Amino acid sequence: MKKKVSNEDVYRLLHPRQVVLVTSIGESGEPNIMPVAWSTPLSFSPPLVGVSVGFQRYSHKLIIESGEFVINIPGVELALKVQECGRVSGRTHAKFEEVGLTPKPSKKLKTPIVEECLAHLECKLFKSLEVGDHTFFVGRVVEAYADEKVFKRGVFDLNKAKILYHVGGSSFTTLSDRLLNGGDVSA
Ligand SMILES: Cc1cc2nc3c(=O)[nH]c(=O)nc-3n(C[C@H](O)[C@H](O)[C@H](O)COP(=O)(O)O)c2cc1C
């Protein structure tokens, strides 16, 4: 028996999803942080990635204002801070300060990175697509870098990098370091 899933819960069938922290900056120069579970790679050449951001998010306004954003990859140890960043809006809260995360200048943009994260993708806005109540922001990656202790030979070392995944609500998880051999789940 398979039960009907309501529109409200449909997206959770596509979770858990990796959570990223999107940083942005507006004309005021105050940086902001927002957790995003709806992100995806899109193209190798040029390197394009996408994030889906609700119209009402303060980050939505800032990304349009500046034409750029940074995708920061948090580890599981930042789960509580990630949740906190998702609970309040940058419209009324200086989240870097309040949550206790460090803004560090990025290499190519005005938008800062979150220093405590494992990796960073600096993006210039390439295209925006209205999708229902969100805008899908496509970013062209102009610079990307990762902690060499956890990102080796072009992949995350899952013994070292405990990447954060959002299940739903306040529920998070991370990956096991056990790789399936050729997808053999019985091993
Ligand atoms: C784990 C997690 C994932 C989220 N994913 C998204 C997302 O993909 N898109 C979105 O628009 N909001 C998402 N949110 C909600 C925003 O992060 C939240 O509304 C945030 O407070 C917006 O901040 P801002 O108003 O400062 O931009 C998520 C929240 C959490 C906690």
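Counting starts at 1 for both ligands and their atoms, in listed order. Predicted, not measured: the structure shown is a model, and the values here were computed from it. Note that the numbering runs from 1 along the sequence shown for the chain.
The backbone N or O of Val114 sits less than 3.5 Å from a side-chain atom of Asn72, completing a donor-acceptor pair. Glu30 places no side-chain N or O within donor-acceptor distance of the main-chain N or O of Ala94, the cut-off being under 3.5 Å. Checked by atom type and distance alone, the side chain of Glu27 never pairs as donor or acceptor with a backbone atom of Glu65 at under 3.5 Å. For the pair Thr40 (side chain) and Gly50 (backbone), a donor-acceptor distance under 3.5 Å is absent.
In terms of polar-atom proximity, Arg87 is not counted as a contact of ligand 1, lacking any N or O under 3.5 Å from an N or O of the ligand. Here's the thing with Gly90: one of its N/O atoms is less than 3.5 angstrom from an N/O atom of ligand 1. Considering backbone and side-chain atoms together, Gly86 places an N or O closer than 3.5 Å to an N or O of ligand 1. Taking distance alone, with nitrogen or oxygen atoms compared against 3.5 Å, Gln56 stays at or beyond that limit from ligand 1. Between Gln83 and ligand 1, not a single N/O pair is under 3.5 Å apart. Checked by distance only, ligand 1 and Ala37 come closer than 3.5 Å through their nitrogen or oxygen atoms. On a distance-only criterion, His60 and ligand 1 share no N/O pair closer than 3.5 Å. At least one N/O-N/O distance between Ser52 and ligand 1 falls below 3.5 Å. Checked by distance only, ligand 1 and Arg91 stay at 3.5 Å or farther apart across all their nitrogen or oxygen atoms.
Among Tyr165, Phe172, Trp38, the residue whose heavy atom sits closest to atom 8 (O) of ligand 1 is Trp38.
Listed by number with element, the atoms of ligand 1 under 4.0 Å from a non-hydrogen atom of Asn32 are 24 (P), 26 (O), 27 (O). In the vicinity of Val53, heavy-atom distances shorter than 4.0 Å reach the ligand 1 atoms 11 (O). Every atom of ligand 1 with a heavy atom of Cys85 under 4.0 Å away is listed here by number and element: 20 (C), 21 (O). Contact atoms of ligand 1 toward Tyr58: 24 (P), 25 (O), 26 (O), 27 (O) (distance under 4.0 Å to a heavy atom of the residue).
Ser59 OG, 2.5 Å is the protein heavy atom nearest to atom 27 (O) of ligand 1. Among all non-hydrogen protein atoms, the one lying nearest atom 22 (C) of ligand 1 is Arg57 CD, 3.7 Å. In this structure, atom 10 (C) of ligand 1 lies nearest to the protein heavy atom Met34 CE, 3.2 Å. Distance from atom 25 (O) of ligand 1 to its nearest protein heavy atom, with residue and atom name: Ser89 OG, 2.7 Å. Regarding atom 29 (C) of ligand 1, its nearest protein heavy-atom neighbour is Pro35 O, 4.0 Å. Atom 11 (O) of ligand 1 has Gly54 N, 2.8 Å as its closest protein atom, hydrogens excluded (heavy atom only). In terms of protein heavy atoms, atom 21 (O) of ligand 1 is closest to Val88 O, 2.8 Å. Closest protein heavy atom to atom 23 (O) of ligand 1: Lys95 NZ, 3.0 Å.
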Problem set entry | Test salt bridge (charged side-chain N to carboxylate O under 4.0 Å, His left out) applied to Lys108 and Glu122, step by step | CA-CA 7 Å; Lys108 297 244 171 93; Glu122 297 185 13; over 6 Å; no
For this session: Start with the C-alpha gap between Thr23 and Ile113, add the side-chain angles, then the distance that decides, and say whether side-chain contact (heavy atoms from CB on, under 4.5 Å) holds.
Result: CA-CA 7 Å; Thr23 44; Ile113 63 166; 5.6 Å; no
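For the residue pair Gln18/Ser39, the side-chain donor-acceptor check at 3.5 Å is not satisfied.
We find the CG-NZ distance between Leu42 and Lys127 to be 10.5 Å, quoted to the nearest 0.5 Å.
Here the shortest heavy-atom pairing between Lys95 and Val88 reads NZ-O, 2.9 Å.
Using a 4.0 Å cut-off between charged side-chain N and carboxylate O, Lys81 and Glu84 make no salt bridge.
Note on ring orientation: taking the six-membered ring where Trp is involved, the planes of His15 and His166 are perpendicular (angle over 60°, cut-offs 30° and 60°).
Counting heavy atoms from C-beta outward, Cys85 and Leu101 have side chains that approach closer than 4.5 Å.
You'll find the ring centres of His60 and Phe137 inside the 6.0 Å limit.
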